[in-house]
Amino acid sequence: RKGNVIITGASSGLGLATAKALADTEKWHIIMACRNFLKAEKAAKSVGITKENYTVMHLDLSSLDSVRQFVDTFRRSGRPLDALVCNAAIYLPTAKEPTYTAEGFELSVGTNHLGHFLLSRLLLDDLKKSDFPQKRLIIVGSITGNTNTLAGNVPPKANLGDLRGLAGGLNGLNSSAMIDGGEFDGAKAYKDSKVCNMLTMQEFHRRYHEETGVTFSSLYPGCIATTGLFREHIPLFRILFPPFQKYITKGYVSEEEAGKRLAQVVSDSSLTKSGVYWSWNKNSASFENQLSQEASDEEKARKLWEVSEKLVGLA
Ligand code: NDP
C-alpha cells in the first residue's frame with residue numbers, strides 16, 4: 001500500500017514542495033493539514049498534485065481545540081498514519097506587540113511549538129499502530145535557533161533561559177509573552193520556537209524511539225529565501241534577502257530543492273537513524289549536523305516537555 005503522511009502547513013513554501021516531491025513518487029498519499037482549505041486546494045492544483053494523491057484536512061495550530069478536532073477527523077478517515085511532518089510556522093519579525101493563540105499563548109511559540117507539541121503527542125499513538133516498515137516523526141528545525149552557527153548569532157539570539165515565561169503561561173498577563181521571561185521580540189520568539197522544535201524532537205527520541213521503533217528527526221533544509229515565511233518582513237528586506245542568500249552567504253536553496261530534502265527525511269531508506277538533525281552540504285549530500293549547546297541540552301528538553309504538557313492539557 002501507499003504510505004500516508006500528514007504535512008502541516010502544506011499550503012505553501014517548504015510544506016507544499018515536500019507534498020509535491022512525495023506525491024510524484026506515487027508511493028505516498030499526502031494529508032495536507034492546513035488552516036485555509038481553499039488555499040490548500042489551489043496550492044495542490046498549482047503544483048500539479050493529482051486528486052488521488054492528497055486530502056486537505058483543516059488544522060489551525062493556533063487553537064488546541066482545532067488540533068484535537070483534526071486528530072479526530074484524521075482518525076475517522078480510517079487511514080493508517082505512517083509519517084508526520086510538523087512543518088507549519090509563523091514568523092513575526094516586525095511585530096511591536098505580542099499577539100496570542102486561542103488559549104492565550106504568544107502566537108509564534110503557541111503555533112510553532114505548542115500546537116505541534118499537542119499534535120505530535122496525540123498522533124504518536126497512531127504512528128505506533130501503523131504496520132509500515134519505517135515510521136517517522138519529523139519536526140522542521142532551523143539554523144536560526146542554533147547559536148553555534150553564523151546565522152544563529154545574528155541578534156536577537158534564541159535563548160529559552162529558565163523557561164519562566166513559558167511556565168507562567170506565556171500570556172503577557174501574569175507572565176511574560178517570551179519563554180525566557182524577557183521583553184517581547186517577534187524575531188526572537190520565532191527563534192525560540194525553533195529551539196523548542198529541535199529539543200522536542202530529541203526528547204521524543206529519548207522517550208519513545210526504543211519502545212515504538214519510530215524514527216524522530218529534525219532538519220535544516222537550507223535558506224529558502226523565497227517562501228511566505230518572510231511575508232511579514234519590511235518590503236526592502238523581502239527584495240534584498242533572496243539575492244543576499246544566493247550570492248553572499250550562498251546558503252540559498254530553491255523551494256523545490258528544499259522540498260526534495262524534506263521528502264528524503266520522510267522516505268529515504270538511508271535516513272533511518274533516530275534523534276538526528278539533518279543538514280545538506282553544497283553538493284546537496286545529507287549529513288548529521290551538530291546542534292548548539294542550548295538546542296541539545298537534555299535537562300532543558302525534559303523541562304520543556306513537562307511544562308508544555310501542562311500548558312496543552314496533557315498533564
Ligand atoms: P511559509 O510561510 O511559506 O509556510 C508556512 C506554512 O505554515 C503555511 O502553509 C501556513 O499556512 C502554515 N501556517 C501558519 N500558521 C498556521 C496555523 N496557525 N495553522 C496551520 N498552519 C499554519 O514558510 P516556509 O515554507 O518557509 O516554512 C516552513 C518551515 O520551514 C517552517 O517550520 C520554518 O521554520 C522552516 N524553515 C524555513 C526556512 C526558510 O528559509 N524559509 C529556513 C529554515 C526553516 P497559510 O498558507 O495558511 O499561511
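Scope of the values below: all heavy atoms of this structure, side chains included, with no hydrogens, waters or symmetry mates. Whatever order the structure lists ligands and atoms in, that order sets their numbers, starting from 1. We count residues from 1, following the sequence as given.
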Any side-chain donor-acceptor pair under 3.5 Å between [X] and [Y]?
X	Y	value
Asn87	Thr8	no
Arg261	Ser284	yes
Thr55	His29	yes
Glu255	Thr226	yes
Asn159	Lys188	no

Just to be sure I understand the cut-off, which residues have at least one non-hydrogen atom under 4.0 angstrom from an atom of ligand 1?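 Residues Gly9, Ser11, Ser12, Gly13, Leu14, Arg35, Lys39, Leu59, Asp60, Leu61, Ser62, Asn87, Ala88, Ala89, Ile90, Thr111, Val140, Gly141, Ser142, Tyr190, Lys194, Tyr220, Gly222, Cys223, Ile224, Thr227, Gly228, Leu229, Phe230, Arg231 each place a heavy atom under 4.0 Å from ligand 1, listed by chain and number.
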Sidechain-backbone polar pair: Lys194 side chain, Val140 backbone, donor-acceptor under 3.5 Å: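 Yes; judged by distance alone, with no hydrogens or angles, the pair exists.
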